[in-house]
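Some notes on the structure that comes next.
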Amino acid sequence: MPTPPEPSAPPSRSEPRSETRKGLLCAFAAYGLWGLFPLYWPLLDPAGPAEILAHRMVWSLVAVLAVLAVTRRWAWIRPLLRQPKRLGLIALCAATISVNWGVYIWGVNSGHVVETSLGYFINPLVSIALGVAVLRERLRPVQWTAVGVGAAAVVVLSLAYGRLPWIALVLAASFGTYSLVKKQVGLDGLESMAAETAVQFLPAAGFLVFLGVTGRSTFLSAGAGHTVLLMCSGAITALPLILFGAAAVRLPLSVVGMVQYLAPTFQFVLGLLVFHEGMPPERWAGFALVWLALALLTWDALRTARRGRVALRKAEARARTRGATTSLNTEVTSASEAPEVTAQGQ
C-alpha cells in the first residue's frame, strides 16, 4: 500500500513581506534613477539635444533587444505584426515619447531643470484632465478641486516666468498622452519599449548617418569617453523601466503612485542645489499650489482605496455568512430526508 504524500508546508508569512521589500527597493531605485537623469545629459556635451535623442533611441533598442534575448521573450512579436491597429498605436506612442524625451533633454541641457521637474509634478493632473476629455471619466469632488488648484498654479507660474511654462506643459501633455495610448496597446513595459524603439530606430539611425556624412557628429570625434557615454544612454533608459516593472508586480498601485513623486522631487532639488537655478517667491507660490493639488489627489486616492478595502472585506464576510447558512440548511435538509436507522443498523 503506497504511503500517503506528506502535507505541503504552509506558505511562510515572511514571503509576502520579502516580496514587498523587493518591490519597494525596485520602485525607489527606478524613480531614483529617473530623478537623477539631469546629471547625465550634460555629460554628453558637446553633442546637441537632437544628436543625444537619436543616440538614446538607437542604443535603447540595442539594450532592450539584449534583455529580450537573455529572457527569450519573443513570442509576442508575431501576433503583434498581424494587428495593424495596435501597430498604429505603437507608432503614436513612439511619436509622443520622442517629443517627451527630446524636450526633456533640451530643457535639462538649457538650464531649465526645475521646470522639467514641474512637468512631472503636474503629470497626474494632466492625466486626469485627459481622462475626462478623452475617456469621459467622471471625477470626484476632491479631484475637481485638485485640477482647479493645478490650473491656478499654472496661471501663477506663467506670471512668475513671464511666459507659459511650456516645457513643463509639453512634458506633462506628451507623457500623459503616451500613457493613455499605451494602455490601449496592452503590452508589457519591456515589450512595449522594444516595439516603440523599433519604430524610432530607422529615423534616428538615418539622422545619425546624416550627421556623420556632414561632419557634425560628435560620436567618434569627441573622445572614447564621450562615445561610451552616448552608447550607455540606452542602458540607462532601459534599466529604470525594468526595475519599475519588477516593482509594479509586487506593490499595490497606491504605493507606486506615491513613490512616483520621488523622481520630480530629485529633479527639483538638483535644479536648486546643483544647477543653481533661481526660485523667486512667486515661483515658490506656484510650486506650492502644485504640491497642494498633489496632496489632495494623494489623500483622495488613499481614502478611496481604504473604502474599497473595507467594502471588499464586508462583501467577503457576507459571502462567508451566506455560505455557512447554506451549508447548514443543506445538512438539516439531508438529515430530515434520510431513512430512519434502527438499532440493528438496518
Side-chain angles (χ1 to χ4, degrees), residues 26-45 47-71 73 90-109 113 116-117 119-120 123 170-172 174-179 181-182 185 187-205 207-208 218-219 225-248 256 259-260 262-264 266-267 270:
C26 290
F28 278 106
Y31 284 106
L33 286 172
W34 278 323
L36 295 175
F37 269 15
L39 296 176
Y40 187 81
W41 305 122
L43 299 177
L44 303 182
D45 186 71
E51 184 180 2
I52 295 172
L53 175 63
H55 275 288
R56 186 180 187 183
M57 292 173 176
V58 169
W59 297 111
S60 291
L61 179 61
V62 174
V64 173
L65 289 179
V67 176
L68 291 176
V70 171
T71 57
R73 292 166 58 178
I90 287 171
L92 182 56
C93 283
T96 53
I97 200 62
S98 298
V99 172
N100 184 272
W101 286 0
V103 172
Y104 181 75
I105 293 170
W106 183 88
V108 168
N109 286 3
V113 176
T116 62
S117 75
Y120 292 104
N123 180 65
V170 171
L171 288 175
S174 58
F175 196 79
T177 304
Y178 169 75
S179 302
V181 177
K182 190 170 183 174
V185 174
L187 281 178
D188 185 27
L190 194 64
E191 297 164 353
S192 178
M193 184 178 176
E196 293 157 15
T197 50
V199 174
Q200 295 171 329
F201 180 81
L202 286 179
F207 179 71
L208 292 178
T218 65
F219 183 58
H226 179 70
T227 301
V228 171
L229 285 173
L230 284 173
M231 294 174 66
C232 288
S233 62
I236 70 159
T237 299
L239 180 58
L241 180 67
I242 295 170
L243 291 169
F244 173 77
V256 176
V259 179
Q260 73 173 329
L262 186 67
F266 275 18
Q267 294 167 12
L270 288 174

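The model shown is predicted, which means the values in this text are computed figures rather than measured ones.
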Practice item. Decide yes or no on side-chain contact (heavy atoms from CB on, under 4.5 Å) for T237 and W101, but give the supporting numbers first. Key: CA-CA 10 Å; T237 299; W101 286 0; 3.8 Å; yes
Practice item. Begin with the C-alpha distance, continue with both residues' side-chain angles, and end with the deciding distance and a verdict on side-chain contact (heavy atoms from CB on, under 4.5 Å) for Y178 and E196. Key: CA-CA 11 Å; Y178 169 75; E196 293 157 15; 2.9 Å; yes
Exercise for review: Applying side-chain contact (heavy atoms from CB on, under 4.5 Å), run through T218 and D45 and close with a yes or a no.
Suggested key: CA-CA 9 Å; T218 65; D45 186 71; over 6 Å; no
Review point. Can you list the steps and then say if F201 with S60 is a side-chain contact (heavy atoms from CB on, under 4.5 Å)?
Key: CA-CA 9 Å; F201 180 81; S60 291; over 6 Å; no
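Inter-residue side-chain proximity for F266 and Y31 is flagged as unmet; no heavy-atom pair is nearer than 4.5 Å. Annotation: side chain of V185 is in contact with side chain of C93 (closest heavy-atom distance under 4.5 Å). Between L61 and Q200, the closest side-chain pair of non-hydrogen atoms is not below 4.5 Å. A heavy-atom distance below 4.5 Å is not found between the side chains of F28 and L243. The shortest distance between side-chain heavy atoms of N100 and L171 falls below 4.5 Å. Counting only heavy atoms from C-beta outward, the side chains of I242 and L190 approach each other to under 4.5 Å. A 4.5 Å side-chain heavy-atom check between F219 and L208 finds every atom pair outside the cut-off.
With values rounded to the nearest 0.5 angstrom, Q260 atom CD is found 8.5 Å from F244 atom CZ. For the atom pair W41 CH2 and L229 CG, the distance stands at 10.5 Å (nearest 0.5 Å). In this structure, CZ in R56 is found 13.5 Å from SG in C232, a value given to the nearest 0.5 Å. The CG atom of L65 sits 10.0 Å away from the CE atom of M193 when rounded to the nearest 0.5 Å. Here the NZ-OG1 distance, from K182 to T96, works out to 9.5 Å after rounding to the nearest 0.5 Å.
Looking at residues two or more places apart in sequence or on another chain, you find a salt bridge (charged side-chain N to carboxylate O under 4.0 Å, His left out) between E191 and R73.
Minimum interatomic distance between P49 and I105 (heavy atoms only, all atoms of both residues): CA-CG2, 4.0 Å. Taking every heavy atom of both residues into account, G35 and Q267 meet most closely at O-CG, 3.5 Å. Nearest heavy atoms, A91 versus V199: CA-CG1, 4.3 Å. Contact record, I52 with A47: CD1-O, 3.6 Å, taken as the closest heavy-atom pair. Considering every non-hydrogen atom in both A27 and A247, the closest pair reads N-CB, 3.5 Å.
The aromatic rings of Y120 and F175 sit perpendicular, their planes meeting at an angle over 60°, well past the 30° parallel limit. Ring-plane geometry between Y104 and F37 is classed as tilted, the angle between the planes lying from 30 to 60 degrees on a 0 to 90 degree scale.
Tested against L270, the residues V108, T116, L36 include a single side chain to side chain contact (heavy atoms under 4.5 Å, CB included) partner, L36. With L53 as the partner, the side chain to side chain contact (heavy atoms under 4.5 Å, CB included) test is satisfied by one option alone out of E51, H55, M57: M57. Screening V67, V62, L68 against V64 for a side chain to side chain contact (heavy atoms under 4.5 Å, CB included) leaves a single residue, L68.
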